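Written below as structure tokens is the structure these notes are about.
The figures that follow rest on heavy atoms only: side chains count, while hydrogens, waters and symmetry mates do not. What you see is a predicted model, and the numbers here were worked out from it, not measured in a lab. For ligands, and for the atoms within them, numbers begin at 1 and follow the listed sequence.
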Amino acid sequence: MQASFMVVANWKMNGCRDRVTNLSHELITRCGFLNQPKIVLCPPYIYLERVQETLASSKISLGAQDLSCENNGAFTGNISGEMLVDVGVQYVIIGHSERRLNNAETNDIILKKLSIAQFQGMTSIFCIGENIVEKQLGNTFKAIDHQLKPVITLIKNDPSIKCIVAYEPVWSIGTGCSASVQDVERVNKYIKQIFNDLNYPIKIIYGGSVNEMNIEQFVAIKSLDGVIVGNASLSADKLINICMRVEKQTMNTLADIV
Ligand code: 13P
């Protein structure tokens, strides 16, 4: 576990005005002023501003789940990076496997999105991870190599890019079957080596069936900088529990060091 641990809540296409407002209010009341973990809430686009208003004076940050690969213009239904920044977004999820699959997002599209996020000064939460077939064939690193190409291209061009890698094995998302500590450590080691060679201090977070029962095993992984939570982040109690457990474990670790 690193000095600063992140908990990113990806609410995906869930909630309504009241639910989203209540969820963020409850979180702020109980966790809004914790130094640990660093919390990022990623509501659906339409609720970004509403959540931003509730977060105002707290330490919690606002994230978006995606952005357009175009800057502006005749792109009906799209939301630009500039618009996100305009409503207070600091983080943006890019390349989530659900978008790669359901919206046919290729590396070319993802590269454009990463470039726009960089230009707008947002931190990209860049998702990668193998599917079940790739895992079974022993092709996890091959899949990761392919998915990392856009971000490597950008870093070579501009090392000041703000990017966090989210390792989210597709087979673990929404299945209740999270990756093992060994799986995460093995993949983190591989990813860190790639970024070390580029002199880029990469942060890696893990996503895939993280909940209040298994969070402690992820906090204990030294090479891991946080988690990205889907289903469990839709319950205020579960999300607060996750954050509280991270806080407690972090404090205990710091006390041990001192
Ligand atoms: P679950 O936590 O529901 O498995 O979702 C993970 C995820 O996709 C986060 O981006």
Item to complete: Pick one of side chain, backbone, both or neither for how Ile173 approaches ligand 1, counting any non-hydrogen atom pair under 4.0 Å.
Response: both

Fill in: side chain to side chain donor-acceptor pair (under 3.5 Å) partners of residues 39-56, not counting sequence neighbours, each pair once
Thr21-Arg50, Ser24-Thr54

Item to complete: Please confirm whether Gly208 comes under 4.0 Å of ligand 1, counting heavy atoms of the residue only.
Response: yes

Worksheet item: Are there more than 12 heavy atoms of other residues, nucleotides or ligands under 6.0 Å from atom CD of Gln217?
Response: yes

Worksheet item: Which atoms of ligand 1 are found less than 4.0 Å from any heavy atom of Asn10?
Response: 9 (C), 10 (O)

Worksheet item: Considering residues, nucleotides and ligands other than Ile132, do more than 12 of their heavy atoms fall under 6.0 Å from its CD1?
Response: yes

Discussion item. Between ligand 1 and Glu168, is the shortest N or O to N or O distance under 3.5 Å?
Written reply: yes

Worksheet entry | Check: Gln65/Trp11 side-chain N/O donor and acceptor closer than 3.5 Å | no

Discussion item. Which of the numbered atoms in ligand 1 are under 4.0 angstrom from any heavy atom belonging to Asn231?
Written reply: 1 (P), 2 (O), 3 (O)

Worksheet item: Should Ile228 be counted as touching ligand 1, given the test is an N or O pair under 3.5 Å?
Response: no

Fill in: Heavy-atom gap Gly230 to ligand 1 smaller than 4.0 Å
yes

Discussion item. Is there a polar contact between ligand 1 and Glu98, counting only N or O atoms under 3.5 Å apart?
Written reply: no

Discussion item. Using only atom types and a distance under 3.5 Å, with no angle test, would you say the side chain of Asp225 pairs donor to acceptor with the backbone of Ile204?
Written reply: yes

Worksheet item: Got a sec, which pairs hit ring-ring contact (aromatic ring centres under 6.0 Å, His included) with one end in residues 109-146, sequence neighbours left out?
Response: Phe141-Tyr190

Item to complete: Just need the protein heavy atom nearest to atom 5 (O) of ligand 1, so name the residue and atom and give the distance.
Response: Lys12 NZ, 3.3 Å

Worksheet item: Counting N and O atoms only, with roles assigned by atom type, does the side chain of Asn103 sit under 3.5 Å from a partner on the main chain of Glu105, one being a donor and the other an acceptor?
Response: no

